[in-house]
Protein chains: 2
Amino acid sequence: MSVNVSERSVRRLSLYRRFLLHVQASGGRYLFSHDIATATRTSAAQVRRDLMAISGSGSSSRGYHVTDLLKSISCFLDAPAPQHVALIGLGNLGRAVFAYFVGRHPNLRITLTFDIDPAKTGRLINGCPCHNVLKLNHLCPSHGIRMAILTVPAAEAQAVTDMLVRGGIRGIVNFAPVTLHVPVGVFVETMDFSISLETAAFFSRA
Amino acid sequence: MSVNVSERSVRRLSLYRRFLLHVQASGGRYLFSHDIATATRTSAAQVRRDLMAISGSGSSSRGYHVTDLLKSISCFLDAPAPQHVALIGLGNLGRAVFAYFVGRHPNLRITLTFDIDPAKTGRLINGCPCHNVLKLNHLCPSHGIRMAILTVPAAEAQAVTDMLVRGGIRGIVNFAPVTLHVPVGVFVETMDFSISLETAAFFSRA
DNA sequence: TTCACGGTGTGAAAAAAATAACGATGACAA
DNA sequence: TTGTCATCGTTATTTTTTTCACACCGTGAA
């Protein structure tokens, strides 16, 4: 089902969905491909092509039906049941991510958190149990957790990643400014503030 | 000088530099392209090609001289003098970004911060003055600020962006989960946690 | 010296991605 | 009805990006 759709398409589809949700909330019912395109800074052809891949269909006169299209995209992007997510590292960043997360991603659920600090482990954080990071490879499989958010210091990131991989994790959102090494089949998305900053700095004077 | 180098190359060069700094710190003197490649998860050919573009040259027997290469990359990526940066929005995220920033980017300097909350404006934050966000288009030009980090709520992001653009900002690192609209010539880098999360969720079950 | 080896720099080829092009379709006006 | 028009779905083309391939170079061994 996921074959034939590139990473970039998936990203754009996620953007389209976000826009469509806004439109839906404000009562819009139909959109043309170029509406979606301008809202998400891409081209109408690109939108049509992306939607073609997931067979979301529109009418040539009215365009795309917002609710139907949302259904198509969500059906494609989301798992049938909510996915469980582990959050590793409950420092400032980890807690901020957790706070941001709440209520925003109904299909993703932070089920467990982990930290190495004994002052944090063994308690509930936002109603979610926090365990010692050493229990990772044991607890993730038993809770059906396949993806993780990594908010540990850079120095620990690779070691924790190795544990995650051993624990069967298949997708990682990494906030540490390091390049993680994982086996094929494990997806890593790095939120690399430093690199983004330097890139923006560069092009701000291009 | 910046012509002919794609955004992706710039990103990779930034990654190479980070790796090279680590190597330098641990006393390494020479590296082959494939060392850099494996460390940054790309290919040796890609590394050589990227370096070719900035005319960083290596020897076929020893590889690349770490310090020389660092010099080449930094000369290419960095402005001759430190660039001034404005930070807009001093909520949890903004303060976290500021804290992360400190000491990590010698060529970039957060010169001014802005917020809309009167409890924050008029004071020093980390030794850096905080102004009302309405003073943006006035203060940015007079301080030579050409780039900004945007950590305001999504609902305000576009309005603030418009002010930034009027204030002459040419590069924005945007943390708000919205697609910003800017004139050509203004570079926007969006740190989009939601999109990254959904992308990782998708590929974690591919 | 002479050869083999492993790496660089770079043009050529391949793959991936974005853009353009176009027949088909349905709404609407005349 | 008939023609026009704007948009869709899809194929074709172009552009961009990555990978391959190989001549050339410096080193070390024989």
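Within every chain, numbering begins at 1; the chains are lettered A, B, ... in the order of the sequence lines, protein sequences first and strands thereafter.
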How many Å lie between [atom1] on [X] and [atom2] on [N], as a whole number?
{"X": "B/M52", "N": "C/dG9", "atom1": "CE", "atom2": "P", "answer": "9 Å"}
{"X": "A/L51", "N": "D/dT10", "atom1": "CG", "atom2": "P", "answer": "11 Å"}
{"X": "B/D50", "N": "C/dT8", "atom1": "CG", "atom2": "P", "answer": "14 Å"}
{"X": "A/H65", "N": "D/dC8", "atom1": "NE2", "atom2": "P", "answer": "15 Å"}
{"X": "A/E7", "N": "C/dA17", "atom1": "CD", "atom2": "P", "answer": "9 Å"}
{"X": "A/R48", "N": "D/dT7", "atom1": "CZ", "atom2": "P", "answer": "10 Å"}

Open item on the list: I want to confirm an ordering. Mapping A/S60 and A/R49 to their closest nucleotides on DNA chain D, which one lands closer to the 5' end?
Closed with: A/S60
TODO: Answer with base, sugar-phosphate or nothing: what part of the nucleic acid does A/T42 contact at a heavy-atom distance below 4.0 Å?
DONE: nothing
Donor-acceptor contact present, side-chain [X] to main-chain [Y], <3.5 Å:
{"X": "A/S74", "Y": "A/K71", "value": "no"}
{"X": "A/N137", "Y": "A/R166", "value": "no"}
{"X": "B/R170", "Y": "B/G185", "value": "yes"}

Open item on the list: As a test of reading the structure: which of C/dG9, C/dT19, C/dA18 is closest to the side chain of A/S43, going by heavy atoms?
Closed with: C/dT19
- [ ] Compare the minimum distances between each of D/dT7, C/dA18, D/dT17 and the side chain of B/S6, then state the nucleotide with the smallest one.
- [x] D/dT17
- [ ] For B/H34 and for B/A45, locate the closest nucleotide of DNA chain C by heavy-atom distance; then report the residue assigned to the nucleotide nearer the 5' terminus.
- [x] B/H34
Task: Position toward the 5' end of DNA chain C (nearest nucleotide), B/G63 or A/S59 - done: B/G63
TODO: Ignoring hydrogens and angles, answer whether the base of C/dG6 and the side-chain atoms of B/R62 contain a donor-acceptor pair closer than 3.5 Å.
DONE: no
